[in-house]
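One structure is given here, and the rest of the page talks about it.
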Protein chains: 2
Amino acid sequence: MAGERVTSNDVARLAGVSQSAVSRYYSTGNLVSTKAGEKIKQAAEQLGYRPNVLARSLITGRSRMIGLVVAYLENYFYPEVVERLSKALQDQGYHVLVFISSPASVVENVDQITQEILDYQVDGIVLASATMSSELAARCHAHGVPIVLFNRLQDDPRLSTVTSDNHGGGRKLAELLVSLGHERFGYIAGYEGASTQRDREAGFREGLEASGHRLFAREVGNFRYDEAQAAARRMFTGPERPDAVFVCNDHMAFAVMDVLRYELGLRIPDDVSVVGFDDVPPARWPAYSLTTFRQDVDDMVAETLRTLMESVNGAGGVPRRVVLDGFLVQRATTRRAPTSAT
Amino acid sequence: MAGERVTSNDVARLAGVSQSAVSRYYSTGNLVSTKAGEKIKQAAEQLGYRPNVLARSLITGRSRMIGLVVAYLENYFYPEVVERLSKALQDQGYHVLVFISSPASVVENVDQITQEILDYQVDGIVLASATMSSELAARCHAHGVPIVLFNRLQDDPRLSTVTSDNHGGGRKLAELLVSLGHERFGYIAGYEGASTQRDREAGFREGLEASGHRLFAREVGNFRYDEAQAAARRMFTGPERPDAVFVCNDHMAFAVMDVLRYELGLRIPDDVSVVGFDDVPPARWPAYSLTTFRQDVDDMVAETLRTLMESVNGAGGVPRRVVLDGFLVQRATTRRAPTSAT
DNA sequence: CGTTGGACTGCATACGTATGAAAGGCGAAG
DNA sequence: CTTCGCCTTTCATACGTATGCAGTCCAACG
């Protein structure tokens, strides 16, 4: 199929030098005389030569590829992650090999996919919105492939994690709602297996209890738009309904708001306050203008990168567990504070 | 570091067979006796052996990787593309190497990035929302690497393209608005360098002119949310404003709607009708419930896949130019038709 | 029992690059 | 002029797998 591959040998022949000279010219650069370098450059340009990264990896043991496992891009938090992470890695000369793990968080599936990633000899793996079995974690560790869990916590000490302060965020949201004078608090949960879901809920409950309140209603939305709609319907069609609801992430919060406004005719925040978590771009759009807790994607990506690079380059080996601060973003789905805010 | 790599040689030694036997077991499978196969399987499991895809690529000339260049994931059409395409390719044993080309559609940047992709010996390239120089197209062609332009048209005969009927879609939207009795038509353009922008606008104008109408106002939003907001402000703050506006894609349409409703206090569709293009998920959300022209991502991905696989496996070589039908999705941002619809 | 064919198997080499070791060249110091 | 040392270059080999070729083994057939 056409495609005459041009190799370092071809360049060497044309330039009248040895193959190793060409190799050195491209890898270390300085270990070759100016004159020879010039000839090599000329020849390479003439032939359209570029080093074969794969062949190079075979010998260096570095593929300059990072595997990224992501469960679903439906939640607009993750496209941002993919974009920023890819870009940041590109700048470092790395590239992202993407794997989609279909049913969110099925460990078995993630394991299989991770195996496939390992087959590509990636230098590191980022699991976004997914967790893996300890067995596989051990395996990666044995292969010397560092793993970073992005936005998920897991106890395995071999795994690095980068999360924001989900517990604290949940708590701050509770404090906000309490300070606004709310009485009946609803919570719409994400997928129960996710650490983000558990931590946010725990923080929220803790925040409520700190001021003598407690959860009034709870439904599960599994991080999905349609399930969150159904959850909202259930929660708000009883005789008594919450006057404030924390939805475990923004993506589901939009679904809940849509049901409240357009199906049940409730006004936000007059009849009910809604708060989310993440601060994805649509949360800022006037149609929603959602009060939420911001997870800074850039910060999270930066820490992920740092963790990866430390493990890849440095002596590394010791996993890091980074927990980043986020902050409250008050918009229009909660009432203005009666008194000066906390 | 660590990471004792286990190779086919190790497996061969443990299983008491030759390295070639192990290789054959994993590649063709059947060219090895049942007994030997069993021993190899045992040994491989014991050692945790998996074939090195990179080493394999080196000799077969197939990396089973597809390069995907995407400019921005901010428009929620593209995350869907990434997800579906990755998944579909995964099912075929291929994997996606992602590249983000920062400033949308700067050809020079795409060229550089594509070069980097080629260094990884990918079996094919998908350019989503981007175009490349003819020179580079020629180069890829020479290397035998097929290219598919996704959602962009370009004249170069070496390039395959998969698009939906942008021209027809623009025309149908015009016909819809005309049939609803509108008189003053606005158009908010995307990035002028994009074929989708040009084709949609051309189709829209043609549809208007067919019934003796013409464009009343035009602004540019460059496919960005904030620029579309600004465009909407300019368009709707004059003495006379359009009574219908076609926004070149849904992503910008949301921005326009937000400005119309929440800044200018206009009612949709009573004061002004809004139509978009793409049918991304939020278009379906009640907050927007946008009338739009649907591009079916699944169909487009399927055709992309087919085009790639044909070129990779088959004799291939002849580029395909696929134009898929889309269809109108009428929701709540346009009035109900006075009479039976077209 | 000898022969033939088929099914396996192993040997050797190739893929394109990186890199340690050895050889070559050249100028400076003695 | 010799010697030493440094800079450059080449040689040879390795990375992990695939594959043509030749050899081995066994069963079946004449």
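In what follows, every chain begins at residue 1, and chains take the letters A, B, ... in the order their sequences are listed.
Residue B:S33 places at least one side-chain N or O closer than 4.0 Å to OP1 or OP2 of C:dT9.
If you check the side chains of A:H95 and A:Q90, you find no donor sitting under 3.5 Å from an acceptor. Using modelled atom types and a 3.5 Å distance limit, the side chains of B:N151 and B:T163 yield no donor-acceptor pair. Donor-acceptor pairing under 3.5 Å is lacking for the side chains of B:T131 and B:R152.
The neighbour count for B:R50 CZ, taken as heavy atoms of other residues, nucleotides or ligands under 6.0 Å away, is above 12.
If you take CG of A:L54 and C1' of C:dA18, they are 15 Å apart, rounded to a whole angstrom. In this structure, CZ of B:R13 is placed 19 Å from P of C:dT9, rounded to the nearest angstrom. Nucleotide D:dT8 holds its C1' atom 12 Å from the NZ atom of A:K39, rounded to whole Å. Separating the CZ atom of B:R64 from the P atom of D:dA18 is a distance of 12 Å, rounded to the nearest angstrom.
We find that B:R306 and B:E303 are joined by a salt bridge, their nearest charged nitrogen and carboxylate oxygen being less than 4.0 Å apart.
Residue-level contact check: B:V22 touches neither bases nor backbone, having no heavy atom under 4.0 Å from any strand.
Side-chain N/O atoms of A:S18 and base N/O atoms of D:dC11 include no donor-acceptor pair closer than 3.5 Å.
Distance check, rounded to the nearest 0.5 Å: CZ of B:R64 to CG of B:L89 gives 10.0 Å.
Checked against C:dG20, D:dT9, C:dA18, the side chain of A:T60 finds its nearest nucleotide in C:dA18.
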So which protein nitrogen or oxygen atoms get under 3.5 Å of nucleotides 15-17 of chain D's nitrogens or oxygens?
{"from": "D:dG16", "atom 1": "OP1", "to": "B:R5", "atom 2": "NE", "distance (Å)": "3.2"}
{"from": "D:dT17", "atom 1": "OP1", "to": "B:Y49", "atom 2": "OH", "distance (Å)": "2.8"}
{"from": "D:dT17", "atom 1": "OP1", "to": "B:N52", "atom 2": "N", "distance (Å)": "3.0"}
{"from": "D:dT17", "atom 1": "OP2", "to": "B:S8", "atom 2": "N", "distance (Å)": "2.5"}
{"from": "D:dT17", "atom 1": "OP2", "to": "B:S8", "atom 2": "OG", "distance (Å)": "2.9"}

